[in-house]
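The figures that follow rest on heavy atoms only: side chains count, while hydrogens, waters and symmetry mates do not. Since the structure is predicted, the reported quantities are computational estimates derived from the model, not experimental observations.
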Amino acid sequence: VWIFGYGSLVWRPGFEFTSRKVGFIRGYSRRFWQGDTFHRGSEKTPGRVVTLLEDCGACTWGVAYEVRGEQIAASLEYLNMREAVLGGYDTKLVKFHPQEKDAEEPILALVYIATPQNPSYLGPASEEDIAAQIIVSSGCAGHNIEYLLRLADFMRYFCPQAEDKHLFSIEEALVSILPCLYYTEESLEET
């Protein structure tokens with residue numbers, strides 16, 4: 001079984017796997033439109049994590065993990081809790097295209113997608129509003145800023161040819177807001 005990750009799964013799968021491949025799926029755009037009140041946020045300040053939006057001409061880059069034998073049941077049980085129960089994501093089958101030049105045919109892979117029907121779905125917002133929400137959110141897996149920056153780093157280092165305007169615009173908005181946080185009255189009094 002292959003499992004495609006396009007958010008935190010690209011750097012923290014949390015399950016055993018046999019192999020991994022960087023590549024993409026077609027027909028979807030990555031969006032920070034899913035709320036998170038457990039891993040990267042709380043009930044009071046939900047974080048923003050990614051989901052996929054159907055989009056004919058788009059492709060989303062990520063990592064596909066191959067799980068075999070005993071790994072299958074354990075990984076699916078773990079991901080069901082992490083993505084479906086705690087995250088509100090549904091599973092779909094997609095065609096994964098490995099990045100390798102000599103790659104074979106596309107591979108069928110499971111992917112977790114949050115739809116507008118789930119209670120944690122936040123939907124669209126401006127890049128600035130998303131960045132502002134990310135800055136103040138933290139959950140049991142860490143700060144929401146880490147989630148955004150690790151995803152941006154993954155795209156830069158493993159998929160430099162790919163464009164993800166949504167992701168990089170939010171990162172840019174976050175960087176433009178962050179310096180303001182260091183110059184509050186309180187921090188100026190300390191210096």
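Annotation for A173 and E127: closest pair CB-O, 3.9 Å, computed over non-hydrogen atoms. Of all heavy-atom pairs spanning Y6 and L151, the tightest one is O-CD1, 3.5 Å. Scanning all heavy atoms of the two residues, the minimum distance from G62 to V10 falls at CA-CG1, 4.0 Å. Of all the heavy atoms in A109 and F96, the pair that sits closest is CB-CB, 4.2 Å. Heavy-atom minimum distance, Q99 versus Q161: NE2-NE2, 3.4 Å. Considering every non-hydrogen atom in both I177 and A131, the closest pair reads CD1-CB, 4.1 Å.
At least one side-chain heavy atom of L86 sits less than 4.5 Å from a side-chain heavy atom of M81. F17 has its side chain within reach of F15: a pair of non-hydrogen atoms, C-beta onward, lies under 4.5 Å apart. Two residues are said to be in side-chain contact when any heavy atoms from C-beta on lie closer than 4.5 Å; C159 and V22 meet this criterion. At a threshold of 4.5 Å between non-hydrogen side-chain atoms, the residues K21 and V63 do not count as touching. Under the 4.5 Å side-chain criterion, counting only non-hydrogen atoms from C-beta, L149 is in contact with L174. For the pair L76/I3, a side-chain contact is recorded, criterion being any heavy-atom separation below 4.5 Å from C-beta on. With contacts defined as side-chain heavy-atom distances shorter than 4.5 Å, the pair T91/L79 does not qualify. Between M155 and E171 there is no side-chain heavy-atom pair separated by less than 4.5 Å.
Under the 4.0 Å criterion applied to side-chain N and carboxylate O atoms, R40 and E146 are assigned as salt-bridge partners. Taking the charged nitrogens against the carboxylate oxygens, R150 and D153 have no contact shorter than 4.0 Å, which rules out a salt bridge.
For CZ of R68, the number of neighbouring non-hydrogen atoms (other residues, nucleotides, ligands) closer than 6.0 Å is 12 at most.
The OG1 atom of T45 sits 12.5 Å away from atom CD1 of I134, with the distance rounded to the nearest 0.5 Å. The line from OG1 of T115 to CD of Q34 is 8.0 Å long, rounded to the nearest 0.5 Å. Of the inter-residue distances, the one linking L9 atom CG with F154 atom CZ reads 11.0 Å to the nearest 0.5 angstrom. Annotation: the span from R30 atom CZ to D164 atom CG amounts to 4.5 Å, rounded to 0.5 Å. The line from CG of L148 to CZ of F168 is 9.5 Å long, rounded to the nearest 0.5 Å. Here the CG-CZ distance, from D55 to R31, works out to 6.5 Å after rounding to the nearest 0.5 Å.
A donor-acceptor pair under 3.5 Å is formed between the side chain of T60 and the backbone N or O of Y28. Of the possible donor and acceptor atoms, none in the side chain of R26 sits under 3.5 Å from a partner among the backbone N and O of K95.
Residues in residues 34-54 take part in no ring pair (Phe, Tyr, Trp, His ring centres under 6.0 Å) pair, two or more places apart or across chains.
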Atom pairs and distances, side-chain donor-acceptor, residues 136-143, under 3.5 Å, sequence neighbours left out:
from : atom 1 : to   : atom 2 : distance (Å)
S137 : OG     : P46  : O      : 3.0
S137 : OG     : Q133 : O      : 2.7
H143 : ND1    : S137 : O      : 3.1
H143 : ND1    : I145 : N      : 3.0
H143 : NE2    : I135 : O      : 3.1

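Between Y112 and Y89, a ring centre-to-centre spacing not shorter than 6.0 Å is recorded.
Aromatic ring orientation, H166 versus W33: perpendicular (interplanar angle above 60°, classes split at 30° and 60°). In this structure, F32 and Y147 have perpendicular ring planes: the angle between them is above 60°, well past the 30° mark.
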side-chain contact (heavy atoms from CB on, under 4.5 Å) evaluation trace for V94 with F24: CA-CA 10 Å; V94 291; F24 61 90; over 6 Å; no

I113 and T51: CA distance, side-chain angles, deciding distance, side-chain contact (heavy atoms from CB on, under 4.5 Å) verdict: CA-CA 5 Å; I113 299 174; T51 186; 3.7 Å; yes

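Tested against V67 for a side chain to side chain contact (heavy atoms under 4.5 Å, CB included), the candidates V1, T18, L110 yield a single pass: V1.
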